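Working notes for the structure below.
Here is the naming used below: chain letters follow the sequence lines, and residue numbers restart at 1 for every chain. Please read these numbers as outputs of a predicted model, since none were measured by experiment.
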Protein chains: 2
Amino acid sequence: MAIKRFPAPEADQPDRWEAQLRKGALEMAALASLWRGRLYGLEIIRFLEAQSRLVLAEGTIYPILNRLRTEALLTSEWVEADAGHPRKYYSLTDAGRERLRLMAAAWMDFSSGLTQLLEPVLESEEVIQ
Amino acid sequence: MAIKRFPAPEADQPDRWEAQLRKGALEMAALASLWRGRLYGLEIIRFLEAQSRLVLAEGTIYPILNRLRTEALLTSEWVEADAGHPRKYYSLTDAGRERLRLMAAAWMDFSSGLTQLLEPVLESEEVIQ
DNA sequence: GCAAAATACCTCGTATAGCAATGTATATGG
DNA sequence: CCATATACATTGCTATACGAGGTATTTTGC
């Protein structure tokens, strides 16, 4: 019997939409994680998990980082660690910093619009016994 | 010559990530549009465009509405208009109302986490000459 | 009356992107 | 040396938004 590499898609999963919610925000989050200084791949994952509720798999972050590097929004450099595996550190370029500012502004715009749309819903929640 | 039904995918489009940002929020927005009462398909599109910055195509909203109806989060009924084409009105079910409350709460959670992550970026923007 | 326009709902096909599950390389502890 | 830990990388599946069509009904112009 063959190994079932991919789990059966459970369409009834109530968390499906939540996963979708995060899509598109990930590039921005990856850039944002580098705002204060360079980090390496796994460090970015840990940072985002700690700072926000974003949990990224490795198979998610590396394609994103490569994409961003192709767009010259960040650079990478190998750094030999004193101990352990060498690490590839990522840093924002000026273009990356600029783009992140644009993204952040657009995010606030989008976010506030949606929050406003949800206001009646959120208000109703407060009234519940 | 054949009609080019699908436009060439312009990967360099800088707005690509913005489109991604909206993914996953659309189901929630569709449900939210019905919070105050029933609406029909095209009316939902116009409502969301007016209330938030969400612009949905018809090919987007109808699959979403069908998906939500399949999940029993909303119901639909044909209504013969006094004039014009009959309209299919969508209404929230109790389950839909409940789910929307959950979604709204999760959205606030997600949104505030990301906004917090972007705070340093947004602050830097204010300082710019 | 009948073509044209307007309104509304629906469907097909494609590109995109996250992510689970792998693989590879290096260093360290027993 | 083998097992474990750390780190980066890749492959392939899947879900989903959306452009470009289509159909049905009603109203308007002639």
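- B:Trp78 has its CH2 atom 11 Å from the C1' atom of D:dT23, to the nearest Å.
- Residue A:Lys23 has no polar side-chain atom (N or O) positioned under 4.0 Å from OP1 or OP2 of D:dA15.
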Using atom types as modelled, flag every donor-acceptor pair under 3.5 Å from a side chain in residues 26-38 of chain A to any protein atom, sequence neighbours excluded.
residue: A:Glu27; atom: OE2; partner: A:Arg67; partner atom: NE; Å: 3.0
residue: A:Glu27; atom: OE2; partner: A:Arg67; partner atom: NH2; Å: 3.0
residue: A:Ser33; atom: OG; partner: A:Ala30; partner atom: O; Å: 2.6
residue: A:Arg38; atom: NH1; partner: A:Glu77; partner atom: OE2; Å: 2.9

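- The aromatic rings of A:Trp107 and B:Phe110 lie perpendicular to each other, with more than 60° between the two planes, well past the 30° mark.
- Picking from C:dC9, C:dT11, C:dC19 the nucleotide with the shortest atom distance to the side chain of B:Asn66 gives C:dT11.
- Counting only heavy atoms from C-beta on, A:Leu26 has its side chain closest to C:dG18 among C:dC9, D:dT16, C:dG18.
- The NE2-C1' distance, from A:His85 to D:dT6, rounds to 7 Å in whole Å.
- A distance-only check finds a donor-acceptor pair linking the side chain of A:Glu43 to the backbone of A:Tyr40 [under 3.5 Å].
- Atom CG in B:Leu21 sits roughly 17 Å away from atom P in D:dT16 (whole-Å rounding).
- Taken residue by residue, residues 28-58 of chain A places heavy atoms nearer than 4.0 Å to DNA chain D at A:Tyr40, A:Gly41, A:Leu42, A:Arg46, A:Glu58.
- For B:Arg22 and D:dC18, the shortest distance from a side-chain N or O to OP1 or OP2 is below 4.0 Å.
- Taking only side-chain atoms of A:Tyr90, from C-beta outward, the nucleotide of D:dA9, C:dG18, C:dT11 with the closest atom is D:dA9.
- Separation of atoms OG (A:Ser111) and CD (A:Gln116) is listed at 11.0 Å; rounding is to 0.5 Å.
- A salt bridge links B:Glu71 to B:Arg99: one of the charged nitrogens lies within less than 4.0 Å of a carboxylate oxygen.
- Contact check, B:Tyr62 against C:dC10: no side-chain N or O comes under 4.0 Å of OP1 or OP2.
- For the pair A:Glu49/A:Arg46, no side-chain contact is recorded, criterion being any heavy-atom separation below 4.5 Å from C-beta on.
- Nucleotide C:dT11 holds its P atom 12 Å from the CG atom of B:Leu65, rounded to whole Å.
- In this structure, B:Thr60 does not reach the D:dA17 phosphate: none of its side-chain N or O atoms is under 4.0 Å from OP1 or OP2.
- Rounding to the nearest 0.5 Å gives a distance of 13.0 Å between NZ of A:Lys88 and CG of A:Leu42.
- Atom CZ in B:Arg69 sits roughly 11 Å away from atom C1' in C:dC9 (whole-Å rounding).
- To the nearest angstrom, C1' of C:dT26 lies 10 Å from CD of A:Glu80.
- For A:Arg87, the side-chain atoms get nearest to D:dC8 when compared with the rest of D:dA17, D:dT16, D:dC8.
- Regarding B:Ile61, its CD1 atom lies at a distance of 11 Å from the C1' atom of D:dA17, rounded to whole Å.
- Atom pair B:Lys88:NZ and D:dT25:P shows a separation of 14 Å (rounding to whole Å applied).
- For A:Arg67, a side-chain nitrogen or oxygen approaches OP1 or OP2 of C:dG18 to under 4.0 Å.
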